[in-house]
Number of protein chains: 2
Amino acid sequence: MTTLWERSRQVAVQAILDTAVRLFAEQGYEQTTIAQIAREAGISQRSLFRYFGTKEDLVCGDQEALGELLKRTVEQQPAEMSAWDALRAGFEVILTANHPRERALELSRLIFDTPSLHARYIEKRLRWQAELVPVIRARLGNGPGRPAPDTQAKAIVATVFACIDTATELWAGHDGRIDLADLYDQCLAAVRDHG
Amino acid sequence: MTTLWERSRQVAVQAILDTAVRLFAEQGYEQTTIAQIAREAGISQRSLFRYFGTKEDLVCGDQEALGELLKRTVEQQPAEMSAWDALRAGFEVILTANHPRERALELSRLIFDTPSLHARYIEKRLRWQAELVPVIRARLGNGPGRPAPDTQAKAIVATVFACIDTATELWAGHDGRIDLADLYDQCLAAVRDHG
DNA sequence: CGCCTACTTGGCATTAACTGCCAGCAAGAC
DNA sequence: GTCTTGCTGGCAGTTAATGCCAAGTAGGCG
């Protein structure tokens, strides 16, 4: 019900985010200090840390929301669909729900060009990656002579994310000129198609 | 001329490492300060930072050497061996070159339980990955109708590391009672074996 | 042995990311 | 209008990390 508070919060968040991403793109992530971002966004350092717990959250803060969306989407796929196809469908949905192309490109470049950011990004993802495992396990035919379903599910989820990551890196490297979903399919094909 | 300087350096490194790992295990990584480690190891803070550039290096500092070893091992596999088998052979070598079981378990648990450490560990691993890509690309038959070799190589390397990571996490979760190489094979089978 | 050079070590100051605390102010409930 | 609630900003403090400089020590050389 609190209207003005929430609305001005949204505005502030967006303003800080825009300032931060602009500065990161201009001078690099490491070279940009929290003090500078706060100054240019017209907010105190203390408040900035209340909006974004860490400097890294300025870049990969909305990961959590995307993770939630991905999980729900995968769950809702028809039961007879394979784990791989369900995850692929989830990935497709995330693509459309993400930032506009230009912004996504900028963020991806930033993440893949900054080792510490890249690592943080993956680490954050690993957290909600774990929540996807039970969803995938439920979709596996537990035939005999196969690895434990948990091992199987974890490996599949980890591989899918590895391919998403690789595809995104290539996509950013090509300035978005190649379709991201196509790249993902190529990555998965390189892994799953034998011969 | 390896002299007293180098020898006492080795001794100091080992002493610091032992102190650090012990303290980390006793009170947790975040709760242990550099000042405390330096004090208990009988060295100045300044010198500690000369031996280990960062606090994280106290735990995953020898990753660099392992990465180098991995790359060399993969390169030296017979040319007709597939990319997958060559990487698997490299993984096998690393297993034997790593710390003794107990120490490796302790370190793995520490890394997987500490987000900032985990991130740093991933960062170091990403560097190995990048260096392995050209080695793997050279091993790919570039038949027609396949994804670009670079895409293929990146995807394969990323997947192998995803499986190594998954296997290691499972291994640490089972207190090392299940063979790590077996877990890795199970992960890869879950990904590559269809049906 | 005595000296000189090369290299290491430790202390001091500084920066940057955070965190806790407290006072002030503005929004919303009554 | 007042009163409660919760946001905001400043200030001090902690921790990791880096640069600088003075002091010490190993090792080669006359």
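In the text below, chain A, chain B and the rest are named by the order of the sequence lines, each starting its count at 1. Note that this is a predicted model, so its numbers are computed, not measured.
- Residues passing the side-chain hydrogen bond (donor to acceptor under 3.5 Å, both in side chains) test with A/H174: none are found, sequence neighbours excluded.
- Taking the ring-ring contact (aromatic ring centres under 6.0 Å, His included) definition, one finds that A/F49 meets it with nothing, sequence neighbours left out.
- For A/A153, the side chain to side chain contact (heavy atoms under 4.5 Å, CB included) partners are A/V133, A/I136, A/R137, A/L140, not counting sequence neighbours.
- Side chain of A/S47 to backbone of A/R50: no donor-acceptor contact under 3.5 angstrom is found.
- Evaluation of the side chain to side chain contact (heavy atoms under 4.5 Å, CB included) rule for B/K124 yields B/D57, B/Q63, B/E64 as partners, not counting sequence neighbours.
- Residues passing the side chain to side chain contact (heavy atoms under 4.5 Å, CB included) test with B/A181 are B/R88, B/E92, B/L95, B/D179, sequence neighbours excluded.
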Please report, to 0.1 Å, the donor-acceptor pairs under 3.5 Å made by any side chain of residues 21-34 of chain B, with sequence neighbours excluded.
unit_1: B/R22; atom_1: NH1; unit_2: B/E26; atom_2: OE2; d: 3.4
unit_1: B/R22; atom_1: NH2; unit_2: B/E40; atom_2: OE1; d: 3.1
unit_1: B/Q27; atom_1: OE1; unit_2: B/T32; atom_2: OG1; d: 3.2
unit_1: B/Y29; atom_1: OH; unit_2: B/E56; atom_2: N; d: 3.3
unit_1: B/T32; atom_1: OG1; unit_2: B/G28; atom_2: O; d: 2.7
unit_1: B/T33; atom_1: OG1; unit_2: B/Q36; atom_2: N; d: 3.1

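- A straight line from CZ of B/F52 to P of D/dT18 spans 15 Å, rounded to a whole angstrom.
- Contacts of A/Y184 classified as ring-ring contact (aromatic ring centres under 6.0 Å, His included), with partners at least two apart in sequence or in another chain: A/F91.
- In this structure, the CG atom of A/D57 is 15 Å from the C1' atom of C/dT19, given to the nearest Å.
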message: Generate the contact string for nucleotides 12-17 of chain D. Rules: B means base contact, S means sugar-phosphate contact only, - means no protein heavy atom under 4.0 Å.
response: ---SSB
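- Qualifying side chain to side chain contact (heavy atoms under 4.5 Å, CB included) partners for B/P78, counting only residues two or more places apart in sequence or in other chains: B/E80, B/M81.
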Atom pairs, N/O to N/O, protein against nucleotides 5-8 of chain D, distance under 3.5 Å?
unit_1: D/dT8; atom_1: OP1; unit_2: A/Y51; atom_2: OH; d: 2.8

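- Taken over five-pair windows at either terminus, the axes of the helix from C/dC1-D/dG30 to C/dC30-D/dG1 are inclined to one another by 0° (rounded to 10 degrees).
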Check: residues 110-117 of chain B side-chain donor-acceptor pairs under 3.5 Å, at least two apart:
unit_1: B/T114; atom_1: OG1; unit_2: B/L110; atom_2: O; d: 2.8

